[in-house]
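Shown next, in structure tokens, is the structure this report addresses.
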Amino acid sequence: MSTAVSTRDLPADWRDLFALTKPRVMSLVVFTGLCGLLAAPVTMHPVLAFTAVLCIALGAGGAGALNQWYEADLDAKMKRTQGRPLPGGRLSPQTALQFGVGLSAGSVVLMDLAANHLAAAILAFSIFFYVGIYTVWLKRRTPQNIVIGGAAGAFPPLIGWVAATGELALLPVLLFLLIFLWTPPHFWALSLFVRSDYAAAGVPMLPVVSGPTHTRRQIALYTLPMAACAVAPWALGLTGAIYGLTAALLSLLFVGLSLMVLANKATEPAGMKPEKKLFAFSILYLFALFGALVLDRFL
Ligand code: HEM
Ligand SMILES: CC(C)=CCC/C(C)=C/CC/C(C)=C/COP(=O)(O)OP(=O)(O)O
């Protein structure tokens, strides 16, 4: 009888469990949730506010774990993802599933206790949307996967706001729309330079199905209403000049970069490709806009 122990039998490593939550991506998700909460015109008790933001983090992390549980087969086929805990064989699917379900359910229950039913319901819906609608249903079926599924990532500011106020309002709805319209340029810029990975895994991302030229056009197309949504809170008098100026300037830069992406027809130009620049900038953009929103509220 063999005495060899498979890595799957080893106790789950905390670092691998943490990696299941997609911490780097989720840091921005949680930041937008925190800013949505802080931008609300009410002051929540600090302990409850901290708990609400923690719930967004736990819920997003749980959803990330369920996403990795469901698509371990895809992750194993892509260079970018094959080192993850499941394809790497360092965690068992059962552990990932239990961890994902536990975090997701715990986050919703705790949100209900610390904030209110509506915030808990939107959190539950966003977890369902990311896992059920995006991951299970759309991702392997249509290049519109991230347009529709991307809505999941747009909910956190709404959740933060509702946790603080108990109700919806125009400003968080505009913030939702901003992230909703930001997601396609954010993701398609990335997918342009990792498209061979998606092609290898058979995931119908836009550049795989319709080619890079069409994808570049779509990026530029989404950037325009995204910029309009970014400045709308200021134009409608819902925020002050700090946010307005930040949104106007950075949105102009975003549109400019997306036009550079559109203009790039060469396959291998020297230096950093515009789509890489746009992807990196897209992250800075959301951090800066949501940061400015909070500064505006408190300065
Ligand atoms: C369906 C929608 C989205 C898709 C498909 C998507 C996809 C991706 C992918 C594939 C990466 C590469 C990083 C990795 O390997 O983990 C990435 C990076 C990133 N995404 Fe997104 N994303 C989406 C929405 C969002 C949203 C809503 C946010 C935050 C509000 C976000 C924030 C980030 C950040 C911060 C990074 C950089 C992570 C790093 O530094 O490694 N993404 N995204
Ligand atoms: C509160 C709550 C539930 C928030 C959910 C946040 C959310 C939907 C974020 C989407 C960002 C994300 C991890 C995309 C990865 O896409 P992918 O899964 O296709 O990327 P991969 O190829 O790296 O796995």
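Counting convention: from 1, in listed order, for ligands and their atoms alike.
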Identify the heavy atoms of I159 and L123 that sit nearest to each other, and give their distance. CD1-CA, 3.7 Å

Does Y70 share a hydrophobic cluster with V25, counting links as ILVMFWY side-chain heavy atoms below 4.5 Å and allowing steps through other members? no

Please state which protein non-hydrogen atom is closest to atom 18 (C) of ligand 1 and give its distance, to 0.1 Å? F279 CZ, 3.4 Å

Do any N or O atoms from the side chain of T95 and from the backbone of L91 form a donor-acceptor pair under 3.5 angstrom? no

For atom 36 (C) of ligand 1, find the nearest protein heavy atom and state the residue, atom name and distance (0.1 Å precision). I283 CD1, 3.5 Å

Can R84 be said to touch ligand 2, with heavy atoms closer than 4.0 Å? yes

Would you say F31 contacts ligand 1, with heavy atoms under 4.0 Å as the rule? no

Who's the nearest protein heavy-atom neighbour of atom 1 (C) of ligand 1, and how far? G150 CA, 3.7 Å

To which protein heavy atom is atom 5 (C) of ligand 2 closest, and what is the distance rounded to 0.1 Å? A152 O, 4.2 Å

Identify, by atom number and element, the atoms of ligand 1 in contact range of G153, meaning under 4.0 Å from any of its heavy atoms. 27 (C)

Any heavy atom of R80 sitting closer than 4.0 Å to ligand 1? yes

Which residue owns the protein heavy atom closest to atom 15 (C) of ligand 2, what's the atom, and how far is it? Y130 OH, 3.6 Å

Tell me, which protein residue and heavy-atom name are nearest atom 25 (C) of ligand 1, and how many Å apart are they? W182 CZ3, 3.7 Å

Less than 4.0 Å is my threshold; does some heavy atom of Y198 fall inside it relative to ligand 2? yes

Between the main-chain N or O of A230 and the side-chain N or O of Y243, is there a donor-acceptor pair closer than 3.5 Å? yes

To check your reading of the model: name the closest protein heavy atom to atom 11 (C) of ligand 2, its residue, and the distance in Å. V25 CG1, 3.7 Å

Ring-ring centroid check F290 F31, cutoff 6.0 Å: no

Nearest non-hydrogen protein atom, atom 20 (O) of ligand 2: K22 NZ, 3.6 Å

Could you tell me whether N67 and ligand 2 have an N or O pair separated by under 3.5 Å? yes

Would one find an N or O of H186, backbone or side chain, under 3.5 Å from an N or O of ligand 1? yes

Passing option when D197 is tested against M78, K77, M205 for side-chain contact (heavy atoms from CB on, under 4.5 Å): M78

Report the relative orientation of the aromatic rings in F176 and F180; use parallel for angles under 30°, tilted for 30 to 60°, perpendicular for over 60°. parallel

In terms of heavy-atom contacts, does NZ of K276 have more than 12 from other residues, nucleotides or ligands at under 6.0 Å? no

One should read off an interatomic distance between K277 NZ and S282 OG, to the nearest 0.5 angstrom, of 14.5 Å

How close does the nearest protein non-hydrogen atom get to atom 2 (C) of ligand 1, and which residue and atom is it? T183 CG2, 3.2 Å

Does the distance from a Lys or Arg side-chain N to an Asp or Glu carboxylate O, for R140 and E71, drop under 4.0 Å? no

Closest to atom 3 (C) of ligand 2 (judged by heavy-atom distance), picking from N145, I133, I127, T21: I127

May I ask you to identify the nearest protein heavy atom to atom 7 (C) of ligand 2, giving residue, atom name and distance to one decimal place in Å? G153 CA, 3.7 Å

Proximity flag M78 to ligand 1, non-hydrogen atoms under 4.0 Å: no

For G59 and S104, which heavy atoms make the closest approach, and how far apart are they? O-OG, 4.5 Å

Numbered in order shown, the ligand 1 atoms found under 4.0 Å of a heavy atom of Y134 are 5 (C)

Counting non-hydrogen protein atoms only, what is the nearest one to atom 22 (O) of ligand 2? Give residue, atom name and distance. R80 NH2, 2.8 Å

Work out whether the distance between some heavy atom of Q68 and some atom of ligand 2 is less than 4.0 Å. no

Tell me, which protein residue and heavy-atom name are nearest atom 9 (C) of ligand 1, and how many Å apart are they? L190 CD2, 3.5 Å

In the protein, what heavy atom is nearest to atom 7 (C) of ligand 1, and what distance, to one decimal place, separates them? F187 CD1, 3.3 Å

Evaluate whether atom CZ of F193 has more than 12 neighbouring non-hydrogen atoms of other residues, nucleotides or ligands under 6.0 angstrom away. yes

Would you say the ring centroid of F187 lies under 6.0 angstrom from that of Y198? yes

Looking at ligand 1, does Y130 have a heavy atom less than 4.0 Å from it? no

Looking only at heavy atoms of Y198, does any of them come nearer than 4.0 Å to an atom of ligand 1? yes

Is there a heavy atom in S126 that sits closer than 4.0 Å to ligand 2? yes

Taking the side chain as every heavy atom from C-beta outward, state whether V203 and V208 have any pair of such atoms under 4.5 Å apart. no

Please could you name the atoms of ligand 2 that E71 approaches to less than 4.0 Å, counting only its heavy atoms? 18 (O), 24 (O)

Side chains of Y222 and S258 only: does a donor on one sit below 3.5 Å from an acceptor on the other? no

Would one find an N or O of R24, backbone or side chain, under 3.5 Å from an N or O of ligand 1? yes

Proximity of Y134 to ligand 2 by residue part, where a heavy atom lies under 4.0 Å: side chain

Taking the ring of Y134 and the ring of F129, is the distance between their centroids below 6.0 Å? no

Nearest heavy-atom pair of I56 and G33: which atoms, and what distance? CD1-CA, 3.9 Å

